[in-house]
Amino acid sequence: MIKLFAIDLDGTLLDSNSKMSEENIKALKDLEASGVRVVISSGRVLSSTLYQAKKISNNPVVIANNGALAGSSYDNLFVNKKLDIEILKRLYEICLDNKLSFHFYSKDTYYSNTLDVKTIDHLGLEVDYGLNYQVKIHISDDPVGEMIRYKDDPYKLLINGLGESSIGEVGLRNLLEKVFADEVYITSSYKGALEITSKNTSKVSAIYALCEKMGINIESFSAIGDSTNDKEMIKKSSLSFAMGNASDELKNIATYVVSSNDENGIVDAVKLIKECNQCLI
């Protein structure tokens, strides 16, 4: 029986405009009412993941930064895997040396040396006034130094625009694996980008930690996603779903392929989970 449903955010629960449909919200609230814990499992910063999760639950538990953080609030975390500051410094130098676009996150702050508004469009608050975001934004010519001065902690660094860079996504991954060996975890949530967190970090490792905390058998979780950073939780879940807009790799390993994120594929998955659980009663 499924007791926990882990849901990716971008490209899965949210549509192409980064909106959560009323149909998805209703389906997930109904699923929680039936006894299945709904957990957003995202590569996003913690503040944004919690912001989205509160649309579904009054007491949300989330997984953020690809599993580097998990909990119900900044002060109530059961997973807290910081990216070593010395590793962040080395990553920063690699970005500068290769003229790469990057940003990195603490629990609630976006740090970079430049601001490309397109990279934070999806983090906008749903209000009709001003530039308001689900995350604090700090831009400076020394973002790592600023983070240290603020006594803040890094959790994930994201490098994007690799399709237009001279090193490319494959070249950068090879370089990072050579420089850091097994010191970091490297994944991606969209083409042309790489996301780096501390070693032994992943969405599925955070799901396992949550299952242990809640006394849930790890064979009782279901997962849904669309991209590379969802692969492990899709492979390990007993009932898995790939979105209609997912990569072929995910579609080939998922139990079911549902509708796209613009066609409320979440609703399809919820229906199948309920049918599965009803058969086991």
Side-chain angles (χ1 to χ4, degrees), residues 1-15 18-67 69-79 126 134 203-226 230 233-234 236-243 254-256 258-281:
M1 181 173 285
I2 300 301
K3 299 289 185 66
L4 186 151
F5 187 30
I7 308 169
D8 174 54
L9 202 51
D10 294 288
T12 301
L13 178 55
L14 303 182
D15 65 21
S18 296
K19 303 295 184 184
M20 193 185 306
S21 72
E22 289 301 321
E23 291 88 347
N24 282 348
I25 292 171
K26 182 181 185 304
L28 292 173
K29 284 185 174 181
D30 288 347
L31 186 64
E32 278 224 323
S34 75
V36 178
R37 192 63 157 112
V38 172
V39 178
I40 292 180
S41 180
S42 177
R44 284 198 188 196
V45 62
L46 180 63
S47 58
S48 176
T49 310
L50 283 168
Y51 171 81
Q52 297 291 347
K54 287 174 182 176
K55 298 175 185 177
I56 300 166
S57 174
N58 294 325
N59 183 30
V61 174
V62 301
I63 294 167
N65 284 338
N66 290 327
L69 284 162
S72 57
S73 70
Y74 302 142
D75 300 319
N76 187 17
L77 299 169
F78 59 89
V79 175
E126 294 163 14
Q134 302 159 27
K203 290 183 177 185
V204 76
S205 66
I207 291 169
Y208 284 172
L210 177 56
C211 286
E212 182 177 359
K213 184 176 179 64
M214 296 179 64
I216 295 174
N217 189 305
I218 60 172
E219 295 180 355
S220 297
F221 88 87
S222 177
I224 186 167
D226 73 298
D230 303 314
M233 70 176 187
I234 296 296
K236 297 293 185 180
S237 66
S238 59
L239 181 62
S240 60
F241 305 93
M243 300 299 292
T255 312
Y256 294 100
V258 295
S259 301
S260 75
N261 63 321
D262 289 323
E263 299 169 313
N264 298 318
I266 290 290
V267 177
D268 300 342
V270 167
K271 181 180 178 182
L272 288 164
I273 290 171
K274 284 183 174 180
E275 289 175 356
C276 172
N277 282 352
Q278 189 65 36
C279 289
L280 295 173
I281 291 176

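Between the OG atom in Ser42 and the CG atom in Asn65 there is a gap of 8.0 Å [rounded to 0.5 Å]. Atoms CD1 and CD1, on Ile2 and Ile216 in that order, are 10.0 Å from each other to the nearest 0.5 Å. To the nearest 0.5 Å, atom OG of residue Ser220 and atom CG of residue Leu239 are 11.0 Å apart. Here the straight-line distance linking atom CG of Asn277 with atom OG of Ser34 works out to 6.5 Å at 0.5 Å rounding. Distance check, rounded to the nearest 0.5 Å: OG of Ser259 to CD1 of Ile266 gives 10.5 Å. For the atom pair Ser222 OG and Leu4 CG, the distance stands at 9.0 Å (nearest 0.5 Å).
For the side-chain contact (heavy atoms from CB on, under 4.5 Å) criterion with Tyr256, the lone passing option out of Leu272, Asp268, Ile224 is Leu272. Evaluated for a side-chain contact (heavy atoms from CB on, under 4.5 Å) with Leu13, the options Asn261, Leu28, Asp226 yield exactly one hit, Leu28.
Side-chain contact between Ser47 and Tyr74 is present, with at least one heavy-atom pair separated by less than 4.5 Å. In this structure, Val62 and Leu46 have side chains that are in contact, with non-hydrogen atoms separated by less than 4.5 Å. Here the side chains of Met20 and Ile56 are in contact, with some heavy-atom distance below 4.5 Å. By the 4.5 Å heavy-atom criterion applied to side chains, Val258 and Met243 are counted as neighbours. Looking at heavy atoms from C-beta onward, Val270 lies in side-chain contact with Phe5 at the 4.5 angstrom threshold. Put simply, the side chain of Ile7 does not reach to within 4.5 Å of the side chain of Val39, judged on heavy atoms.
Counting only residues at least two apart or in different chains, salt bridge (charged side-chain N to carboxylate O under 4.0 Å, His left out) contacts with residues 35-53 comprise Asp10-Arg44, Glu32-Arg37.
Lys274 NZ: more than 12 foreign heavy atoms inside a 6.0 Å radius.
Nearest heavy atom pair, residue Thr49 against residue Ala64, reads OG1-CB, 3.7 Å. The shortest heavy-atom contact between Ala242 and Ala254 is N-CB, 3.5 Å. Closest heavy-atom contact between Pro60 and Leu50: CG-CD2, 4.5 Å. The nearest pair of heavy atoms linking Ser237 to Ile234 is OG-O, 3.2 Å. Minimum interatomic distance between Ala27 and Val267 (heavy atoms only, all atoms of both residues): CB-CG2, 4.1 Å. Closest approach of Cys211 and Ile218 over heavy atoms only: CB-CG2, 4.1 Å.
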Exercise for review: Report the C-alpha distance between Lys3 and Val36 in whole Å, list the side-chain angles of each, state the deciding distance to 0.1 Å, and finish with yes or no for side-chain contact (heavy atoms from CB on, under 4.5 Å).
Suggested key: CA-CA 5 Å; Lys3 299 289 185 66; Val36 178; over 6 Å; no
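Remark: side-chain polar atoms of Ser238 are paired, donor with acceptor, to backbone N or O of Glu219 under 3.5 angstrom. At least one donor-acceptor pair closer than 3.5 Å links the side chain of Thr255 to the backbone N or O of Ser240.
Relative orientation of the Phe221 and Tyr208 rings is perpendicular, given thresholds of 30° and 60° on the angle between their planes.
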